[in-house]
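Ligands are counted one by one from 1 in listed order, and the atoms in each one are counted from 1 as well.
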Amino acid sequence: MEDFSGFYKLSVEERLAKVKKAAGLSDEEADALKDSGALKLERADKTVENVIGAVHLPLGLATNFTINGKHHVIPMAVEESSVIAAACKAAKQTLPDGFKADADESIMIGQVQITHLEDVTEATKNLALNRKEILGIASGHMKQHERYGCGVRDFETKVLDTERGPMVIVDFFIAVGDAQGANMVNTVLENVAPSLTQLTGGTVRLRIISNLATRRKARASAVWKKSVVGEEAIEGVLDACEFAKHDIYRCATHNKGIMNGIDAVAIATGNDWRSVEAGAHSFASLGHYKPLTHYHRNEKGDLIGSIELPLAVATVGPAINSSPTAKTALKIMGVKSSKELAMVMACVGLANNFAALSALSTEGIQKGHMKLHARNIAMYTGAVTPGETEAVAEALSSERNFDIEHAKSVLEKIRKG
Ligand code: MEV
């Protein structure tokens, strides 16, 4: 395994060369990471409608992640400074043990809504009596995916008493392998719907995947040792999590910090981050809105952090196949399946949360933020070399003066020696 320590000190070109060697990227794959290889307009035009351009995000690598004994460098696409650094720092503090993670089989829930039923009891009875036939019809539309272990596993019915009358909802449980599953699931639902109409005498309305993927969860945990992070950080994280458990205003931000990391990996790998967000927050709301992470001390007084959430993410599919950057990101990460990707994402979410809570509850996050802000200002004012940028940023931070004109004069002074 390539040594990524000090990765942040390298220039962009040096970092690219390092990751190219470590992940065995071809010239073409490495080029896909540079501006020149980013989403071409012709490709963008075939992806969505009314295209006039493409939006770029910085892509960075989170280092120091050991997950179930395997090292991963993790591509993250995010515009917010400190997110990647925070993940790296929290992951480093778990070493040498790193994270433990696991994930469920990729089972998605697809829902069919049936309305205008004359006799709801009769309708649900008929569905139960014809279970084998319904599953047979639904499975018939999964034939081409069966060799990847995909298939319709089962279904359940429930009755909703609504203001528009009773409705029967049929929830299908469908294994989708390494795909996100929306296309597969929605196809099955639309094709099985006519038989449900026939069996119930109702009107089929919605036929759509649910983003609350409770049968496709990932879990991760890690130990942050007292000897590494200190008593103060452990106490701070425990207090911070308790705050989130008891206050929804804090809990929203607590979970946002988790999603900083998870979304960044979802975007880097070409995944549908809106469905990931919907799944995470609706899962957090089951019962009442709660933090997605948990913390407690072990008998040695060290801090154990854990996370569990639905992660319906893919390593195959049209969005990934059509994005050279996403494919390269997956190769760099070294994940072979959607389950593995979900495990990595759960670890990143936990790392970002630990980093945020330990910083917020001790020194605060503005110091780190302002340092990066100072670097941005230094570059904006014309600092060219990394040495110049650091020197200007250092001066602005220590004087706590981030004014552009001041930055310009600092740069001039540095250049004059
Ligand atoms: C900022 O993007 C994320 C944090 O607000 C998360 C948190 O407060 O836990 C720092």
Please identify which atoms of ligand 1 are closer than 4.0 Å to at least one heavy atom of [X].
X      : answer
Leu360 : 7 (C), 8 (O), 9 (O)
Asn260 : 1 (C), 2 (O), 3 (C)
Thr253 : 5 (O), 6 (C), 7 (C), 8 (O), 9 (O)

Inset, instruction - Have a look at ligand 1 and work out which part of Val83, if any, has a heavy atom under 4.0 Å from it: side chain, backbone, both or neither. - result: neither
Inset, instruction - Select one of side chain, backbone, both or neither to describe which atoms of Met259 lie under 4.0 Å from any atom of ligand 1, heavy atoms only. - result: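 It is neither; nothing of Met259 touches ligand 1.
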If you look at every heavy atom in [X] and [Y], which pair is closest and at what distance?
X      : Y      : result
Ile208 : Leu189 : N-CD1, 3.3 Å
Val78  : Ala264 : CB-CB, 3.9 Å
Asp161 : Pro166 : OD1-CB, 4.0 Å

Inset, instruction - For Ser338 and Thr315, test the side chains for any donor-to-acceptor distance below 3.5 angstrom and give the result as yes or no. - result: no
Inset, instruction - Check the side chains of Thr66 and His71 for a donor-acceptor pair under 3.5 angstrom, ignoring hydrogens and angles. - result: yes
Inset, instruction - Would you check whether Lys256 has a nitrogen or oxygen atom less than 3.5 angstrom from a nitrogen or oxygen atom of ligand 1? - result: yes
Legend entry - Any N or O of Asn353 closer than 3.5 Å to N or O of ligand 1: no
Considering only the protein, which heavy-atom contact is closest to [atom], and what is its distance?
atom                    : result
atom 10 (C) of ligand 1 : Ile365 CD1, 3.9 Å
atom 9 (O) of ligand 1  : Arg250 NH2, 2.7 Å
atom 1 (C) of ligand 1  : Glu80 OE2, 3.4 Å

Legend entry - Proximity of Phe65 and Phe99 rings by center, below 6.0 Å: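 Yes - the distance between ring centres of Phe65 and Phe99 falls below the 6.0 Å cut-off.
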Legend entry - With Asp104, the salt bridge (charged side-chain N to carboxylate O under 4.0 Å, His left out) member among Arg216, Arg215, Lys339, Arg219: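 Of the listed options, the one satisfying the test is Arg219.
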Inset, instruction - Anything under 30° is parallel, anything over 60° is perpendicular, the rest tilted; go ahead and classify Trp224 against Phe354. - result: parallel
Legend entry - Heavy-atom protein neighbour under 4.0 angstrom from atom 4 (C) of ligand 1: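 Looking at atom 4 (C) of ligand 1, one finds that no protein heavy atom lies closer than 4.0 Å.
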